[in-house]
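Can you keep this structure in mind? I'll have questions shortly.
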Amino acid sequence: MIDILTDVQLLEGDMNFRRSEGENIQGRNNLYYEQLFAHYGITDSIFNDNIRYYTEKPAILERITDSVYNRLVKEQEKLKAAE
């Protein structure tokens, strides 16, 4: 779940950047998510079921979101170092 949510955050960030640059990505949002879910071998309903499950377990969800945040910070640090 950590891998999936990390990629979801990256995907959302990319889509927000594209929108801010004036790119019209409507209609492609679903395609991006379909590709992401296919990569992990899941469907949107499996993803949503997992989100509901972890929402009902806040302590576990907090550990997951902390891990996602830490991965994103590490990725950002790698990108900055590569500049």
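Worth knowing before you read on, the calculation uses all heavy atoms, side chains too, and leaves out hydrogens, waters and symmetry mates.
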Set of side chain to side chain contact (heavy atoms under 4.5 Å, CB included) partners for D14, sequence neighbours left out: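 Scan of D14 (side chain to side chain contact (heavy atoms under 4.5 Å, CB included), adjacent residues dropped) gives R18.
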Using atom types as modelled, flag every donor-acceptor pair under 3.5 Å from a side chain in residues 60-69 to any protein atom, sequence neighbours excluded.
| residue | atom | partner | partner atom | Å |
| --- | --- | --- | --- | --- |
| T65 | OG1 | L61 | O | 3.1 |
| T65 | OG1 | E62 | O | 3.0 |
| S67 | OG | R63 | O | 3.1 |

Residue pairs passing the salt bridge (Lys or Arg N to Asp or Glu O under 4.0 Å) test where at least one lies in residues 35-53, sequence neighbours excluded: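 Listed once each, the pairs are D49-R52.
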Separation of E56 CD from I51 CD1 (nearest 0.5 Å):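 These two atoms lie 12.0 Å from each other.
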By side chain to side chain contact (heavy atoms under 4.5 Å, CB included) - contacts of N29 (at least two apart):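 Applying side chain to side chain contact (heavy atoms under 4.5 Å, CB included) to N29 gives M15, R19, I25.
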Which residues share a side-chain hydrogen bond (donor to acceptor under 3.5 Å, both in side chains) with D7, sequence neighbours left out: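 Counting only residues at least two positions away or on another chain, D7 forms a side-chain hydrogen bond (donor to acceptor under 3.5 Å, both in side chains) with Y40.
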Side chain to side chain contact (heavy atoms under 4.5 Å, CB included) involving L31 - partner list, sequence neighbours excluded: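 Counting only residues at least two positions away or on another chain, L31 forms a side chain to side chain contact (heavy atoms under 4.5 Å, CB included) with E34, Q35.
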For K78, salt bridge (charged side-chain N to carboxylate O under 4.0 Å, His left out) partners two or more places apart: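 Once residues adjacent in sequence are excluded, the partners of K78 under the salt bridge (charged side-chain N to carboxylate O under 4.0 Å, His left out) criterion are E75.
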Partners passing side-chain hydrogen bond (donor to acceptor under 3.5 Å, both in side chains) against D3 (at least two apart in sequence or in another chain):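 Partners of D3 by the side-chain hydrogen bond (donor to acceptor under 3.5 Å, both in side chains) criterion, ordered by chain and then number, come out as R71.
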CG on L5 to CG on L10, rounded to 0.5 Å: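 Going from the CG atom of L10 to the CG atom of L5 covers 11.0 Å.
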For N50, all residues meeting side-chain hydrogen bond (donor to acceptor under 3.5 Å, both in side chains), sequence neighbours excluded: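 Partners of N50 under the side-chain hydrogen bond (donor to acceptor under 3.5 Å, both in side chains) test: none.
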Stepwise side chain to side chain contact (heavy atoms under 4.5 Å, CB included) check, V8 with F47: CA-CA 11 Å; V8 164; F47 177 75; 4.2 Å; yes
Which residues share a side chain to side chain contact (heavy atoms under 4.5 Å, CB included) with Y53, sequence neighbours left out: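 Checked Y53 against side chain to side chain contact (heavy atoms under 4.5 Å, CB included); matches are K57.
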side-chain hydrogen bond (donor to acceptor under 3.5 Å, both in side chains) involving E12 - partner list, sequence neighbours excluded: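 E12: side-chain hydrogen bond (donor to acceptor under 3.5 Å, both in side chains) contacts with Y33.
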